[in-house]
Protein chains: 2
Amino acid sequence: MIATNGYAAQSATTPMAPFSYEHREPGETDVLIDVQFCGICHSDIHQARNEWGNSLYPMVPGHEVIGTVAKVGSKVTKFKVGDLVGVGCMVDSCRECLSCREGLEQYCERGQTVFTYNSRDKQGNLTFGGYGSHLVADEAFVLSVPANLDPAAAAPLLCAGITTYSPLKHWNVGPGKKVGIVGLGGLGHMGLKFSHAFGATTALFTTSASKVEDAKRLGADEVILTKEEGWAAKHAGTFDFILDCVSAEHDINTYLSLLKRDGTLCLVGVPEKPLATAAFALVGARKSFAGSMIGGIQETQEMLDFCGKHNIVSDIEMTTFPQVNEAWERVLKSDVKYRFVLDLKTL
Amino acid sequence: MIATNGYAAQSATTPMAPFSYEHREPGETDVLIDVQFCGICHSDIHQARNEWGNSLYPMVPGHEVIGTVAKVGSKVTKFKVGDLVGVGCMVDSCRECLSCREGLEQYCERGQTVFTYNSRDKQGNLTFGGYGSHLVADEAFVLSVPANLDPAAAAPLLCAGITTYSPLKHWNVGPGKKVGIVGLGGLGHMGLKFSHAFGATTALFTTSASKVEDAKRLGADEVILTKEEGWAAKHAGTFDFILDCVSAEHDINTYLSLLKRDGTLCLVGVPEKPLATAAFALVGARKSFAGSMIGGIQETQEMLDFCGKHNIVSDIEMTTFPQVNEAWERVLKSDVKYRFVLDLKTL
């Protein structure tokens with residue numbers, strides 16, 4: 001077994017604290033990873049605090065993982081010791097259903113997606129994520145990270161990156177398209193970068209005038225302040241696609257009104273309460289209100305390769321394990337530009 | 001001017017009653033139609049009673065119109081006197097915007113769609129619909145009706161028909177696809193007929209066990225009773241497309257749960273209140289919640305030609321003008337199989 005040190009939540013109400021545990025000995029197709037960096041995702045907090053009602057303890061969060069390969073199983077073909085690799089939100093799935101065979105393991109039709117943490121692997125063992133010194137995963141769920149990227153800043157690509165890249169690709173965002181990104185946080189700032197890199201005319205919707213300059217630096221052609229009187233009417237019917245990165249309750253019908261005929265608004269944030277959706281907002285111009293969840297392994301590799309080619313990483317603030325509880329509080333206040341990354345050396 | 005007799009609502013609270021009025025003298029590109037039959041659509045009642053808040057009086061409803069050409073303008077090329085023709089929900093639009101040029105006049109981007117009644121034409125005159133002896137319309141918005149169809153039973157094709165045909169075509173319903181139709185009324189019964197004719201495996205969702213046999217006769221391969229315990233779990237993740245024909249409040253998340261990954265639920269009914277839509281219902285398998293409104297003129301002609309070829313009409317109950325107020329009350333109770341049609345000879 002692989003002795004591992006990390007930080008865990010022992011219950012929904014205990015703070016994150018040091019914790020020692022074990023990963024399985026790498027099997028034939030497994031890779032042992034020395035974790036170097038791990039991004040802090042808002043869902044780490046939701047799950048540690050059992051806000052989605054499905055938490056398993058002890059919980060070692062973290063699904064934006066970057067590290068180097070320390071050991072490979074006898075049948076591993078994609079990786080060798082020393083390679084820079086990443087692990088995202090998943091470490092296994094049924095691999096047999098239609099979605100898995102199509103490379104969409106996040107939508108495994110048997111519900112057998114094994115998440116990187118707060119999940120059980122096929123042997124029934126609890127999975128532990130990137131807030132720990134080591135990780136063991138099947139090579140099929142390990143990603144190759146381009147050498148030219150700053151490894152710390154690449155960590156958030158594994159969740160925030162693929163979560164925004166995948167729907168922008170799926171709905172064919174590119175030159176000639178007008179795209180809106182709702183909310184400038186961990187997801188939104190990656191959405192801006194990708195939409196801009198894909199060649200779309202990109203607007204950011206934000207309540208905060210203080211974000212205008214930053215949004216433009218990140219790739220926005222236009223910043224639309226949603227606290228200004230009449231802002232929505234001014235932009236009605238002008239967007240091909242809107243990527244909605246807001247996890248709080250918000251008025252979805254106003255954003256639907258901004259779409260052109262046949263336009264799509266895609267949720268990637270997951271507001272807790274249902275969103276009141278007016279029939280006329282959809283029927284009036286054959287609009288769609290859709291959702292998307294992370295992305296498959298093949299597409300995650302494609303995204304990382306795209307980032308390598310276009311030199312795209314996340315804007316990050318480094319933090320340390322002793323400060324992780326404070327960092328989480330700042331995430332809850334959106335007080336980070338735009339993703340915290342834990343340095344495993346600070347364990 | 002063309003002297004016309006019909007039935008009108010004079011206000012939101014007055015019953016339908018005889019009314020004499022005039023249509024414009026047919027212009028160069030206009031067709032004068034002797035109306036023979038007109039379907040009763042639920043939206044006639046909504047608008048006569050100002051339930052959508054946009055009513056103009058006196059109102060002569062009716063947008064499922066079948067008649068014969070009595071006179072044509074000097075530049076009319078598509079029709080000659082005696083032709084069997086139809087008029088649906090629209091009689092004009094801007095004809096210049098992208099949607100109009102693409103044959104989607106119902107989504108006119110300048111908002112200049114002129115509806116067959118309760119609307120103003122480009123000269124500012126109130127439009128009067130098919131509950132009257134004559135209609136004058138530009139030939140560009142007049143449809144040719146296949147001679148082999150029963151003209152009375154063809155009337156509802158002009159609204160209920162195209163409203164269901166268009167989304168089923170747009171979302172590529174056909175062989176190998178599993179399609180659900182929610183609700184068996186004027187719209188739902190046409191949805192069943194078209195989905196079946198397109199070769200899709202078709203299920204009807206209904207609360208009423210008494211509708212099973214009829215639904216099967218109309219084209220359902222399966223009837224799913226939504227009052228049975230555990231019905232939704234049994235069918236979770238199995239539908240490619242769901243056409244939702246319900247205009248009342250209902251639980252949209254349950255129907256979204258029935259879709260496969262990448263599936264679409266399309267509303268054609270327009271519930272008054274917003275529908276509570278759970279983010280997880282969409283995000284979990286990249287599903288879409290969409291809407292669709294009638295169909296363009298070109299597609300309406302395509303639909304009529306398809307109906308001629310496949311001998312598809314609406315299931316109707318004939319009624320008379322003196323009985324129109326009673327017929328409306330029965331529509332409100334869903335007490336009609338499945339569309340009332342007014343015979344203009346009863347005026």
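In this text the structure is predicted, and so the values were computed from the model without any measurement. All chains are named by letter (A, B, ...) in the order of the sequence lines, taking the proteins before the strands, and each is independently numbered beginning at 1.
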**OP:** Answer yes or no: does atom NZ of A:K234 have more than 12 heavy-atom neighbours from other residues, nucleotides or ligands under 6.0 Å?
**Re:** no
Subject >> Options A:V270, A:V268, A:L265, ranked by heavy-atom pairs under 4.5 Å with chain B, top entry >> reply: A:V270
Close approach to chain B in [range], criterion heavy atom under 4.5 Å:
range                       : answer
residues 172-190 of chain A : none
residues 161-171 of chain A : A:S166, A:H170, A:W171
residues 41-52 of chain A   : none

Original post:
If you measure from CG on A:L256 to CZ on B:F289, what distance do you get to the nearest 0.5 Å?
Top reply: 9.5 Å
**OP:** Quick one: closest heavy-atom pair of A:S288 and B:A290, and the distance?
**Re:** OG-CB, 3.4 Å
Original post:
Which pair of non-hydrogen atoms, one from B:P271 and one from A:A279, has the smallest distance, and what is that distance?
Top reply: CD-CB, 3.7 Å
**OP:** With a 4.5 Å cut-off on heavy-atom pairs, point out which of B:G237, B:C266, B:G284 contacts chain A the most.
**Re:** B:G284
Subject >> Which of B:A278, B:A276, B:A281 touches chain A most, by non-hydrogen pairs under 4.5 Å >> reply: B:A276
**OP:** Among residues two or more places apart or on two chains, list those pairs meeting side-chain hydrogen bond (donor to acceptor under 3.5 Å, both in side chains) that have a residue in residues 258-284 of chain B.
**Re:** A:S99-B:R261, A:E102-B:R261, A:T277-B:T277, B:D240-B:K260, B:D262-B:R286
Original post:
So what's closer than 4.5 Å to chain B heavy atoms on A:I252: side chain, backbone, both or neither?
Top reply: neither
